[in-house]
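What follows is a short report on a single structure.
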Protein chains: 2
Amino acid sequence: MLKVATVNVNGIRAAYRRGMAAWLEQTDPEILLMQEVRATDEVLRDHLGGDWHIAHAEPVIEGSKGRAGVAIASRRPIKLETVDPGPERFAGCGRWVEAEIVLDDGNTLSAISTYVFTGEFETPPRQAEKYAFLDAITNRLTALRADGRHVLMCGDLNIAHREVDLKAWKANRKKSGFLPEERAWLDSLFESGWVDLGRRFGGEGPGPYSWWSWRGKAFDNDAGWRIDYQIASPQLAASATDCVIHRAPTYAERWSDHAPVVATYEI
Amino acid sequence: MLKVATVNVNGIRAAYRRGMAAWLEQTDPEILLMQEVRATDEVLRDHLGGDWHIAHAEPVIEGSKGRAGVAIASRRPIKLETVDPGPERFAGCGRWVEAEIVLDDGNTLSAISTYVFTGEFETPPRQAEKYAFLDAITNRLTALRADGRHVLMCGDLNIAHREVDLKAWKANRKKSGFLPEERAWLDSLFESGWVDLGRRFGGEGPGPYSWWSWRGKAFDNDAGWRIDYQIASPQLAASATDCVIHRAPTYAERWSDHAPVVATYEI
DNA sequence: CTTGGTAGG
DNA sequence: CCTATCAAG
């Protein structure tokens with residue numbers, strides 16, 4: 001049995017200050033994938049404490065200190081760590097990290113933590129960067145699946161797939177995060193066999209969501225988006241028994257603007 | 001009877017967040033002089049609320065947004081507001097404001113709120129700026145006293161006068177804030193008739209102090225400095241009946257790193 | 001150790 | 001509305 005949790009922590013320091021440690025102890029995942037770590041490697045390791053093997057893509061490009069950052073913490077050893085999804089333009093961006101982990105059955109799992117660009121900003125234009133990153137993901141996933149291993153991509157894709165995946169879908173049809181091109185990218189991913197565990201176990205919807213703006217009453221009104229995913233290769237997906245979003249009971253109990261997505265695989 | 005309070009609020013927003021309003025309501029001064037307001041005029045007025053006449057020197061020089069700022073809030077009308085101590089080099093620095101207030105006896109009071117430069121930084125060198133500001137103060141005070149009005153200069157002078165005015169005087173003999181030249185400036189001010197109300201009513205010392213670093217256990221150990229003053233012209237000083245420093249009971253009850261200095265004048 | 005401004009989300 | 005960095009104190 002393999003319990004996997006993914007969450008955009010929105011700053012590991014702030015998350016711990018607000019109570020992430022209690023959630024982690026109670027949930028006790030075998031693998032924890034994080035996005036927006038927003039800290040140095042030293043700070044990340046200090047917060048998580050011992051007994052973890054950690055793969056961390058800290059952004060290294062100029063002016064990116066305290067931004068982005070993705071990591072994978074594993075109770076089992078990490079055989080190989082790979083940073084960046086491939087193309088040179090994304091070198092050191094702190095948005096992609098892979099960890100090869102050997103499972104009980106001897107098979108290899110490539111676990112991925114990714115944090116896709118927000119496309120919503122006009123200056124500089126970021127939507128093109130987002131599409132380029134999605135392309136890079138497609139290529140990298142295809143390469144990883146070639147040798148038959150298990151692949152699990154987790155993270156904040158900054159895309160809601162269908163109308164049931166965000167509360168205000170009508171108002172957001174022309175907004176980055178719910179553009180036809182972005183949704184089509186997820187369509188083609190799922191059509192080629194990758195499985196969206198959140199939707200498989202999340203019912204018909206609308207909801208559940210995984211992100212709510214801190215602003216106004218977005219959380220209390222459940223005006224959220226499902227933009228955080230566990231996306232598994234077919235064989236791995238077939239072994240899944242559960243996938244739930246850990247929405248905090250109250251606004252005050254949130255320790256991130258995102259909620260964890262937690263899945264169990266019988267593998 | 002005229003109750004006057006002066007305090008370096010270290011950011012009016014932070015001070016209100018931490019409980020300044022309760023202190024202000026309980027103390028209920030006729031005139032409240034503030035330093036390090038660190039806010040726009042609109043924000044200052046929003047926080048103080050109605051029923052005040054306000055003179056505010058907001059810093060206007062490039063890159064000074066959110067820094068310095070001195071203000072005078074008065075329950076009685078302010079006849080004339082003057083900003084800056086005079087020399088062009090201090091134009092718009094947000095460290096000096098005067099308010100002319102007509103007293104019950106028909107006399108005019110020039111109340112001053114000032115925030116003298118910290119000299120402790122090496123790059124850029126600030127000690128020279130501090131001495132130049134002290135010179136400007138001397139000249140301006142002399143001019144104000146010429147026509148026989150009452151003058152009350154309140155504020156954070158960033159100078160402890162004598163050994164009894166800071167806990168660690170031995171360790172600070174070569175530090176800005178307790179340099180011989182700075183102490184001599186206060187000596188000559190008091191020798192020319194200006195009166196340090198805090199010392200007149202504060203006993204022999206050591207202490208009381210008006211500022212403690214936020215760092216370490218400075219507050220709990222009372223490792224402070226008396227750098228906040230009410231300095232009155234001779235006639236006004238003669239009418240004073242009391243001057244006390246409102247040190248918070250506990251660290252948690254502080255709403256600034258400085259404590260208010262509150263005096264009463266029978267005039 | 002705390003302040004506010006700032007860029008980013 | 002929240003994150004972190006930054007200069008300043």
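Letters go in sequence order (proteins before strands), and every chain restarts at 1.
Protein atom CG of A:Asp257 is 18 Å distant from nucleotide atom P of C:dG8, rounded to whole Å. We find that CG of A:Asn10 is positioned 7 Å from C1' of D:dC2, with the value rounded to whole Å. If you measure from atom CD1 of A:Ile61 to atom P of C:dG8, you get 12 Å, rounded to the nearest angstrom. Atom CG in B:Asn8 sits roughly 17 Å away from atom P in D:dA8 (whole-Å rounding). Separating the CZ atom of A:Arg254 from the C1' atom of D:dC1 is a distance of 10 Å, rounded to the nearest angstrom. Here C:dT3 presents its P atom at 12 Å from NE2 of B:His47, a figure rounded to the nearest Å. Atom CZ of B:Arg67 and atom P of D:dG9 are 7 Å apart (whole Å). One can place CG of B:Asp220 at 12 Å from P of C:dC1, the figure rounded to the nearest angstrom.
Checked against D:dC1, C:dG4, D:dT5, the side chain of A:Trp214 finds its nearest nucleotide in D:dC1. When distances run from any side-chain atom of B:Arg95 to the nucleotides D:dC2, D:dT3, D:dG9, the shortest one goes to D:dG9. Distances from the side chain of B:Arg38 to the nucleotides D:dG9, D:dA4, C:dG4 place C:dG4 closest.
With a 4.5 Å cut-off on side-chain heavy atoms, B:His246 and B:Pro208 do not count as touching.
Using a 4.0 Å heavy-atom cutoff across all strands shown, B:Phe117 reaches no nucleic acid atom at all. No engagement by B:Phe219 is indicated, since no non-hydrogen atom pair under 4.0 Å with the nucleic acid exists.
Side-chain atoms of A:Asp84 come within 3.5 Å of backbone N or O of A:Gly92 as a donor-acceptor pair. In terms of modelled atom types and a separation under 3.5 Å, the side chain of A:Asp196 and the main chain of A:Gly198 share a donor-acceptor contact.
Between D:dA8 and B:Tyr115, no contact under 4.0 Å exists linking OP1 or OP2 to a side-chain N or O. Considering only side-chain N and O atoms, B:Arg18 lies under 4.0 angstrom from the phosphate OP1 or OP2 of C:dT3. Side-chain N/O atoms of B:Lys65 include one lying less than 4.0 angstrom from OP1 or OP2 on C:dT6. For the OP1/OP2 pair of D:dA4 and a distance below 4.0 Å, the side-chain nitrogens and oxygens of A:Arg17 include at least one atom meeting the criterion. Taking 4.0 angstrom as the limit, B:Tyr16 places none of its side-chain polar atoms (N or O) nearer than this to OP1 or OP2 of C:dT3.
B:Ile227 CD1 to B:His161 NE2: the interatomic distance, rounded to the nearest 0.5 Å, is 15.0 Å.
Residue order along DNA chain D, read from the 5' end via each residue's closest nucleotide, puts A:Arg215 first among A:Arg215 and A:Ala39. Along DNA chain D, the nucleotide nearest A:Gly66 and the nucleotide nearest A:Ser213 are compared for position; the residue whose nucleotide lies closer to the 5' end is A:Ser213.
Side chain A:Arg126 to base C:dG8: no donor-acceptor pair is found below 3.5 Å.
For B:Arg247 and B:Phe219, the positive end sits near the middle of the six-membered ring, less than 6.0 Å away and at most 45° from its axis.
Between B:Trp211 and B:Trp225, the ring-plane angle classifies as perpendicular under the 30° and 60° cut-offs.
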